[in-house]
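As a basis for the values below, the full set of heavy atoms in this structure was taken, side chains included, without hydrogen atoms, waters or symmetry mates.
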Amino acid sequence: MCVEDRISSFPDPILCHILSFLPIKEAVQTSIISTKWRYLFASISTIKFDGYSMSGLTDRNIDSFKNFVDRLLKSPDQVRLDCFRLSHEICLWNDGDHDFDISGWICAALCRGVKEIDLQLGYLEDILPAVLFTCGSLVTLKLDAVGHKFKFPSDVCLGNLKTLHFRDSFFGDCILRFISNCHVLEDLAFIECDFYNTSVINIQTPLLKRFILDFDLGEFGDLKYVVLINAPNLVYFQYTDVVAQGYTLSTMKSLEKAHISISGCGTIDSQTIATHFIQGICNVRSLRLTINEGVFRTSQLPIFHNLIEFEFLGRGFNGREIWLVEFLHRMPNLKTLTINFPVVAGTQWKAFEVPSCLSFHLKEIEVSCFSTHIIEMEVSISNL
């Protein structure tokens, strides 16, 4: 029985688009289907080399893989690229015996007008070409380099860059100049990163909608700095750190969701600074808060009129149930309350009473990670 091959009748651009969703290894394997498919993989718009695509490589065929990548990226008359991604597995083979031209691969992708570059490499020393930071086609740039200290050229100009993510990296003041030259940036993330020799972290990005500032509190956890954020159109904000020396946050009227994990409030001054920080996000609609002590001075907190979802994780400090009740009094329109009660040695929860001021709107309460013998909860809310 003959089965009609209807897929092969599709136009080449549609077939190439379909192949772009496959791992590069499987896309290449389609070349044996027929003569029509033989070179289609060479015109795909997404090129990703990860652990799966490099599985099966040996010392015997690694040079063939290198030559294949060179031809795939650098051959003439290629289509524009949507995405070019390299994962850290490629570094396992990039030694003195093989010497991959990673910088040349990046340049080739840039020459093909690539929109997204995602580099997950164990090191980036002498790999990133200067042209990467003046590429007009880039919309998304993600750089993950464990322990790398980034230094950027002074003429950075990424006029169309909307997404910029860094992970496991160190930065000096040059990163702030970098960001200031990305005028349409909407999504900025520093994940498990650190700033060194920096007294002020100044983010002035009016179009920014999503911002993650997640510090690695290990070796450089005692650095002192002031955080300035001017992002009036921010929709999502994630912050993880000890209390800084000071905060200046512009009014975030559009803020929908915030994930805050903050610690290091052993003094009255640090509590005052942390309270000033939380005042800057008082317009938020959904808040997840992780603390390990009474970090904010509740008497100075504003009213969170827009807050309808609140998730609380208090990592074991005495008196946290009193502190939490005082905080809840600042949320008159809350609809959903999630409380995580971890049992920590040396601390104990007393009776916890949901404030009556929440009775008009609160519809759902979720409590997790607690032992029933150490807590009483009084709830008298008609909307539940």
Original post:
If two hydrophobic side chains count as joined below 4.5 Å and joins carry through other members, does Leu86 share a cluster with Val139?
Top reply: no
Original post:
Do the side chains of Tyr247 and Leu176 join up, straight or via other hydrophobic residues, at under 4.5 Å, putting them in one cluster?
Top reply: yes
**OP:** Kindly compute the distance separating CG (Leu287) from CZ (Phe237), expressed to the nearest 0.5 Å.
**Re:** 11.0 Å
Original post:
Same cluster for Ile117 and Phe152 if Ile/Leu/Val/Met/Phe/Trp/Tyr side chains link at under 4.5 Å?
Top reply: yes
Original post:
Quick one: do Arg85 and Glu116 make a salt bridge, cutoff under 4.0 Å?
Top reply: yes
Subject >> side chain to side chain contact (heavy atoms under 4.5 Å, CB included) assessment of Thr240 paired with Thr290 >> reply: CA-CA 9 Å; Thr240 302; Thr290 303; over 6 Å; no
**OP:** For residues Leu234 and Met252, report the shortest heavy-atom separation together with the two atoms involved.
**Re:** CD2-SD, 3.9 Å
Original post:
For the ring pair Phe190 and Phe195, is the centre-to-centre distance below 6.0 Å?
Top reply: yes
Subject >> Considering all heavy atoms, the nearest Arg112-Leu73 contact >> reply: CD-O, 3.5 Å
**OP:** Given side chain to side chain donor-acceptor pair (under 3.5 Å), test Thr338 with Glu311 step by step and report yes or no.
**Re:** CA-CA 4 Å; Thr338 302; Glu311 180 180 351; 5.4 Å; no
**OP:** May I ask you to decide if the ring planes of Phe49 and Trp105 are parallel, tilted or perpendicular, using 30° and 60° as cut-offs?
**Re:** tilted
Original post:
Is the centre of the Phe304 ring less than 6.0 Å from the centre of the Phe310 ring?
Top reply: no
Original post:
Leu228 and Phe215: same hydrophobic cluster, using ILVMFWY side-chain contacts below 4.5 Å?
Top reply: no
Original post:
Got a second to check how far His17's NE2 is from Thr46's OG1, nearest 0.5 Å?
Top reply: 8.5 Å
**OP:** Drop me the distance from Ile308's CD1 to Leu362's CG, to the nearest 0.5 angstrom.
**Re:** 11.5 Å
Original post:
What is the minimum heavy-atom distance between Gln245 and Val226, and which atoms define it?
Top reply: CB-CG2, 4.2 Å
**OP:** Determine, stepwise, if the pair Asn333 / Asn306 fulfils side chain to side chain contact (heavy atoms under 4.5 Å, CB included).
**Re:** CA-CA 7 Å; Asn333 298 309; Asn306 298 332; over 6 Å; no
Subject >> Which atom of Thr140 lies closest to which atom of Lys142, heavy atoms considered >> reply: CG2-CE, 3.8 Å
Original post:
Would Val131 and Ile106 satisfy side chain to side chain contact (heavy atoms under 4.5 Å, CB included), going step by step from the backbone distance to the final call?
Top reply: CA-CA 9 Å; Val131 68; Ile106 297 171; over 6 Å; no
Original post:
So Tyr239 and Phe277, would you call those rings parallel, tilted or perpendicular, with 30° and 60° as cut-offs?
Top reply: tilted
Original post:
Which atom pair, heavy atoms only, marks the closest approach of Ser154 to Asn181?
Top reply: O-ND2, 4.5 Å
Subject >> Intermediate values then yes/no, side chain to side chain contact (heavy atoms under 4.5 Å, CB included), Leu110 and Leu132 >> reply: CA-CA 7 Å; Leu110 295 172; Leu132 174 65; 4.1 Å; yes
Original post:
Atom CG in Asn233, atom CG in Asn230: separation rounded to 0.5 Å?
Top reply: 9.5 Å
Original post:
Say you draw a straight line from CZ of Arg285 to CG of Leu307; how long is it, rounded to the nearest 0.5 Å?
Top reply: 9.5 Å
Original post:
Backbone N or O of Ile273 within a donor-acceptor pair of the Thr275 side chain at under 3.5 Å?
Top reply: no
**OP:** Not counting sequence neighbours, which residues clear side chain to side chain contact (heavy atoms under 4.5 Å, CB included) with Arg80? List them please.
**Re:** Ser137
Subject >> Other cluster members, Ile191 - Ile/Leu/Val/Met/Phe/Trp/Tyr, side-chain contacts below 4.5 Å >> reply: Ile212, Tyr236
**OP:** Search all heavy atoms of Thr163 against all heavy atoms of Leu185 and return the closest pair with its distance.
**Re:** N-CD1, 4.0 Å
Original post:
What pairs with Arg210 under salt bridge (charged side-chain N to carboxylate O under 4.0 Å, His left out), at least two apart in sequence or on another chain?
Top reply: Asp187
Original post:
Rounded to the nearest 0.5 Å, what separation is found between the CD1 atom of Ile303 and the SG atom of Cys282?
Top reply: 10.0 Å
